[in-house]
Structures are given as structure tokens and as C-alpha cells.
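One-based numbering, in listed order, for ligands and for the atoms of each.
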Amino acid sequence: MTSFSAAIYRRYNLDLQHLTDAELLQHFQAHPEERRLHGSTASTVEHLSMRWLRGRGLEVGAGANPTPLYGNAHVEMADCDEGLAFGGSRIDAKYSIDDPDFARSKLDRFDFAVASHVLEHADSFLRALDHLLLVTKSGGIVYIVVPDINFLMDKNWLPRFEFAHHVEEYESPLIHADLHDQLYTNGSGAGIWHTNEIAELTPEYRAAVAAGLIPQEQRFLHHKHNYSFNDWLDIFERAQKFFPNRFCFVDARYGHERSDCHFVLEVI
Ligand SMILES: [Zn+2]
């Protein structure tokens, strides 16, 4: 838990600038639900979480790196993988983010939803985004972090897909499954075993990759789509038009600590 700093509370909350240090602390203690920066942060994820995430949230696929939370915020952990291949210690709900059942039972329940380094694994990027928006209340926050392809081996084998590709997968998530498996097994080569330092790649998965036939239940382990910051931004902007009046951007920035791309959306 980051401690309160009157200087930071004053600097980042211009509406409170007139208050004394004691009054600032009083305000902070009286309004733990308000989305405000109130202490020092060391990374992009800490900064954006402190600024935007309050109330009851859902984090999808957190693995070994759950998003840090501040103030009055707590989460349920959801993951499609009971085996916790990407680490972590608990699952509160077993869900795949692009599974239609995911949204049906969770509709409009959460103040925020987080998917960090998850959507690049989804069979359907747009369906996953759709569901994150669906399970979040109006006025709530969807916080998505995706990698930058330029800093991963993905750049050697993953093509740049047009938006139409994502629309096709929105309508039918596995329509390009064979193409994605082929790209992965053919293009990634021997270095494939070193592409993820956290995931425990089982012998079955490795054998499947070597044979070019990846079982559906293990497809979540590798990336389907990845882009540069600019191309991700373009996809989110097109998604905003594809899902009219569903969300607006409240922040988008580059995370230099992990070379990743951060998008903070407010649900309309
Ligand atoms: Zn695809």
C-alpha cells in the first residue's frame, strides 16, 4: 500500500489545490472511493491503477502479475486455465474472456475490468473487448495492457492483420484458428521454447507445436495477434467505431518498464 502524500494529492488534483496538507489528508480519508492519485508510483501500471481503478473489479488472466490496487479497490480473479500455467495463486471464476458465457452471467456487475497481457492470446480480440465492456458498469473502467510486438519474437513470425480480420473473428472466433496455428508452428522456430519466461509449457504442448496440431485447450498459451503501439491504437479507435457509443478513451500511454501499451477505456 502506497502511503498518502499531500504534495502529490495537491499536484494531481487541481480542484483540491486550495486545501492545506491536513485538509488534503482529511479529504483523502473521507473519500476512499474517488479516483485520485494520492501517492508515489513506480510504474505505468501503478500510476494508471491508482488513478482509475476503484470499487469492485474483475481481473482476467492475471497469472503471476496481478495488477496492483490502491484505495477502495478489490478484484475477482478470472482465468480460463485452471492449471495456472502463467503463475498466480487463485482463480475465483473460470472463464475464457472471448467465451459468450463469460459475459452472459456477469452482465453489468463490476466497477472495473482488467486484462493485462491477455488480449493478444484471445482467439477473438473484438469479442474479448466486447465482453470486458459488457461486464463493466456504465461509468466504469476497462483497463487493457497489450505487448509491443517490436520487443518480442512475435515480430519474426506474426503478420500485421487488418481490422477486417478481427471483424471476421468477432463473428466466428475460430475462423482463422488453423492459420494462427500454422503461423505459430511454422514461423516461430526453435526459439519458441523461450518466448515466455513465466508459462510452464507442458510436454504435451511442445509435442503439439512440433506436430503442428495444437489442441484447442492449449491454444491460449501463445499469441494470436500483436502490434506496435501505433497499430494497437488504430485497432482500438476502429473498435470504438465498430462498437458505437460503448466506450471512450480516458488514457492511452506507453509502458516503458515492460515495453507495453496501456489503454484505459470508460464505459458509456
Ligand atoms: Zn486472428
Side-chain angles (χ1 to χ4, degrees), residues 60-61 63 78-81 85-86 95-103 113-134 142 144-189 191-192 195-196 199 201 205-206 208-243 246-247 252 259-263 265:
V60 179
D79 207 303
C80 67
D81 168 38
F86 288 98
Y95 283 114
S96 179
I97 185 61
D98 50 2
D99 181 340
D101 288 336
F102 172 83
V114 180
S116 180
H117 291 261
V118 170
L119 264 55
E120 68 276 17
H121 295 264
D123 293 320
S124 172
F125 169 80
L126 288 175
R127 207 173 264 241
L129 174 59
D130 187 19
H131 293 164
L132 289 168
L133 295 166
L134 274 173
V142 172
I144 294 167
V145 187
V146 281
D148 174 351
I149 191 169
N150 294 311
F151 290 89
L152 295 178
M153 280 191 51
D154 292 358
K155 68 179 184 295
N156 299 328
W157 61 272
L158 249 179
R160 182 183 178 283
F161 297 100
E162 297 297 326
F163 192 71
H165 171 93
H166 294 289
V167 173
E168 287 162 10
E169 288 179 335
Y170 178 69
E171 282 149 13
S172 181
L174 291 172
I175 192 170
H176 297 302
D178 289 346
L179 167 71
H180 282 299
D181 285 359
Q182 244 171 48
L183 284 167
Y184 185 66
T185 54
N186 294 346
S188 52
I192 196 169
T195 55
N196 197 300
L201 303 172
Y205 175 71
R206 291 171 187 234
V209 172
L213 290 166
I214 299 163
Q216 187 159 335
E217 63 272 18
Q218 292 184 305
R219 298 190 69 250
F220 72 92
L221 281 166
H222 52 267
H223 293 180
K224 314 297 185 310
H225 318 99
N226 200 356
Y227 300 94
S228 65
F229 180 81
N230 191 72
D231 286 343
W232 276 120
L233 184 60
D234 182 59
I235 286 174
F236 275 96
E237 285 175 338
R238 286 172 195 267
Q240 195 181 27
K241 293 185 179 70
F242 185 73
F243 297 126
R246 294 281 302 282
F247 71 87
S259 296
D260 53 13
C261 314
H262 298 243
F263 297 93
L265 317 175

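- In this structure, His223 has its ring center under 6.0 Å from that of His121.
- The side chain to side chain donor-acceptor pair (under 3.5 Å) test with His176 singles out one residue from Glu169, Glu168, Gln182, His166, and that residue is Glu168.
- The nearest N/O/S atom of His180 to the Zn ion (ligand 1) is NE2.
- Residues Leu233 and Phe263 are in side-chain contact: their nearest non-hydrogen atoms beyond the backbone lie under 4.5 Å apart.
- The ring of His225 has its center no closer than 6.0 angstrom to the ring center of Phe125.
- Annotation: angle subtended at the Zn ion (ligand 1) by His225 NE2 and His165 NE2 is 110°, to 10°.
- At least one N/O/S atom of Glu169, whether from backbone or side chain, sits less than 2.8 Å from the Zn ion (ligand 1).
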